[in-house]
Amino acid sequence: MKYETLNDTQIPKIGFGSARLGGRFVGGILADRSHDEFFLAALRSALNLGYIHFDTAELYGGGHAEELIGRAIHESGAMREKIFVTTKIWPTHLAYKNVLRSCENSLRRLQMDYIDSYLIHWPNPLVPMRETFRALNQLVKDGKVRHVGVSNFDVKRIKEAQSLSETPLFANQVPYSLTRRSHAKDGTLEYCQQNNMLLTGYTPINHGHIAVEQTMQSIADAHHATPHQIALAWLVNQPRVIAIPMSFNPSHQKENLDAADIELTPAEMNQLNQLG
Ligand SMILES: NC(=O)c1ccc[n+]([C@@H]2O[C@H](COP(=O)([O-])OP(=O)(O)OC[C@H]3O[C@@H](n4cnc5c(N)ncnc54)[C@H](OP(=O)(O)O)[C@@H]3O)[C@@H](O)[C@H]2O)c1
């Protein structure tokens, strides 16, 4: 496994996404406990394979994703300091008191006493960012949050967040994959790289639908890999980029984790860059 190291923290290039864990969509995401055994088995398999970064959010499964992740980690007996948990505050909870309450709720559901990386899930122009960061700075001082970050932010908003955060912004989580590159084109990726911040690529394998044409297949064959692995390798071969594919299938989970070890040549990176 390859890692990124920043702000004295090592984080693996591949983490575990959890958007569909523990919930169902009924005019909003609600907890659904009827598949808990399936999801817990998927989490156990991920932990056994060596996943240590779990990405979640108070939104996912109406909070139940955090509960399942917390339970699986707790029951695995893994040492807390060996695990890295990212969770996110929903944009309607960005006022000072709401951030503090959301954090307490996430910690309770995760059965943890600190969050490794706490992100603003989406910007909310109706709440002054200053107010949100007053709460986030407080949570860092109180030891409840190790690193703060953002998600779905453009460069203008990242700069505002940086000016308000008392600790270096850790990550910006955005859609990034071979098929979705708007954040590379608009300068967000370059800004993160220059400012020592992670760009965490979400939906990194396009919900499992990778276009497999000749170039992709030849590169996959050359590395005895699958096209999904090459799509992930293309991401994590870029500096300061990590990816958080979601899979509940143990063989996909292993494939995705192993993708971090694929070294693409500069020529292969160029060929993949040309794919539309
Ligand atoms: N910050 C945000 O606003 C935001 C938004 C969206 C997502 N996210 C985060 O990013 C994570 C990942 O994004 P995503 O869930 O949207 O999409 P994704 O990871 O690109 O795709 C997930 C789908 O791909 C399939 N899959 C996974 N590995 C595979 C493989 N090796 N071969 C074939 N199929 C494979 C999975 O099915 P199987 O289970 O069958 O493997 C699943 O259906 C989310 O879970 C969430 O944590 C964040």
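Just so you know, ligand 1 is whichever comes first in the structure, and atom 1 is the first atom listed for that ligand.
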Which residue pairs pass the salt bridge (charged side-chain N to carboxylate O under 4.0 Å, His left out) test when at least one of the two sits in residues 150-173, sequence neighbours left out? Lys141-Glu166
Can you tell whether the side chains of Arg146 and Glu81 come within less than 4.0 Å, N to carboxylate O? no
Using a strict 4.0 Å threshold on nitrogen-to-oxygen distance, state whether Glu66 and Arg108 make a salt bridge. no
Partner set under ring-ring contact (aromatic ring centres under 6.0 Å, His included) for Phe54, not counting sequence neighbours: Phe16
Name the residues with a heavy atom less than 4.0 Å from ligand 1? Gly17, Ser18, Ala19, Arg20, Asp55, Tyr60, Lys88, His121, Trp122, Ser151, Asn152, Gln173, Tyr202, Thr203, Pro204, Ile205, Asn206, His207, Gly208, His228, Ile244, Pro245, Met246, Ser247, Phe248, Asn249, His252, Glu255, Asn256
Any ring pair (Phe, Tyr, Trp, His ring centres under 6.0 Å) involving residues 57-76? Give me the pairs, sequence neighbours left out, ordered by first then second residue. Tyr60-His121
Are Val127 and Asn98 close enough, and set up right, to give a side chain to side chain contact (heavy atoms under 4.5 Å, CB included), and what steps lead you there? CA-CA 11 Å; Val127 182; Asn98 293 341; over 6 Å; no
